[in-house]
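Below is one structure, written out as structure tokens, with a few remarks after it.
The shown structure was predicted, so the numbers you read here are calculated from the model rather than taken from an experiment. Counting convention: from 1, in listed order, for ligands and their atoms alike.
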Amino acid sequence: MTSLQAIYGGTFDPVHYGHLKPVEILANQIGLSKVIIIPNNVPPHRPQPEASSEQRKRMVELAIADKPLFVLDERELKRDAPSWTALTLKEMRAEVGPQKPLAFIIGQDSLLNFPTWHQYDTILDNAHLIVTRRPGYPLEMAEEQHQRWLENHLTWDIENLHSLPAGKIYLAETPWFDISATIIRERLERGEPCDDLLPEAVLEYIHQQGLYQAG
Ligand code: ATP
């Protein structure tokens with residue numbers, strides 16, 4: 001198999017096992033050589049993350065410090081403009097050239113609202129889309145035209161992800177992790193333990209920075 005690189009975007013406010021574990025399992029299942037984590041820049045008119053860009057970046061660094069599969073890419077944090085995935089993938093495609101396979105990983109919840117993303121239909125020009133499972137969300141798109149779009153690009157053959165540079169959607173069979181950043185922030189505000197939800201180094205940093213506290 002070729003070396004398939006994947007890109008994983010998100011707010012990561014904070015990064016947690018619901019992000020890391022499905023992707024680590026996926027990497028073993030389909031043979032990912034590298035996963036590039038790209039934290040979003042959240043534009044001023046959108047609901048702001050509780051942690052600053054610097055803090056979200058630092059939490060990702062701490063979470064992946066002992067995990068060679070992952071690397072951090074700060075390009076969206078450094079951008080002043082909104083974080084359009086379509087734009088980021090176009091840029092990354094230009095960097096690697098037309099032949100190299102690239103994949104963009106999203107959770108099942110993100111697949112459902114994917115058609116609302118800026119220029120979503122151009123994303124498959126530059127990368128495959130790999131969807132990890134997440135409990136509580138259907139795998140069917142709400143609108144028929146979007147379901148057709150999904151089915152037109154669907155593949156169950158991992159080899160396609162390695163041999164084609166882009167254009168396929170793969171619904172991965174990763175286990176469910178019932179974890180969200182929202183739940184973690186709420187638990188921390190109430191002073192409840194979160195040890196099994198995110199890496200210890202990230203939790204220590206959260207406490208040290210006084211993040212996600214009540215009031
Ligand atoms: P929030 O609760 O603040 O909305 P989140 O936990 O959903 O945050 P994001 O940073 O918004 O995390 O998500 C980044 C990516 O990770 C998205 O593609 C999302 O679908 C995926 N993801 C997040 N949590 C899970 C999970 N438990 N299982 C699978 N995918 C997940």
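- The hydrophobic cluster analysis finds Leu77 isolated: no Ile, Leu, Val, Met, Phe, Trp or Tyr side chain comes under 4.5 Å of it, directly or through other members.
- Taking a heavy-atom cut-off of under 4.0 Å, ligand 1 is surrounded by Tyr8, Gly9, Gly10, Thr11, Phe12, His16, Gly18, His19, Ile106, Gly107, Asp109, Ser110, Thr132, Arg133, Arg134, Phe177, Ile179, Ser180, Ala181, Thr182, Arg185.
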side-chain hydrogen bond (donor to acceptor under 3.5 Å, both in side chains) between Arg79 and Thr88: does it pass, once the steps are laid out?
CA-CA 10 Å; Arg79 213 181 270 156; Thr88 300; 3.2 Å; yes
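- Judged as a ring pair (Phe, Tyr, Trp, His ring centres under 6.0 Å), the pairs with a partner in residues 83-110 (not counting sequence neighbours) are, in order, Trp84-His118.
- Residue Glu189 places its CD atom among more than 12 non-hydrogen atoms of other residues, nucleotides or ligands, all under 6.0 Å distant.
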For Tyr170 and Asp157, what are the C-alpha separation, side-chain angles and deciding distance, and is it a side-chain hydrogen bond (donor to acceptor under 3.5 Å, both in side chains)?
CA-CA 8 Å; Tyr170 180 73; Asp157 185 354; over 6 Å; no
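- Annotation: ring pair (Phe, Tyr, Trp, His ring centres under 6.0 Å) contacts of Trp117 (sequence neighbours excluded): Phe114.
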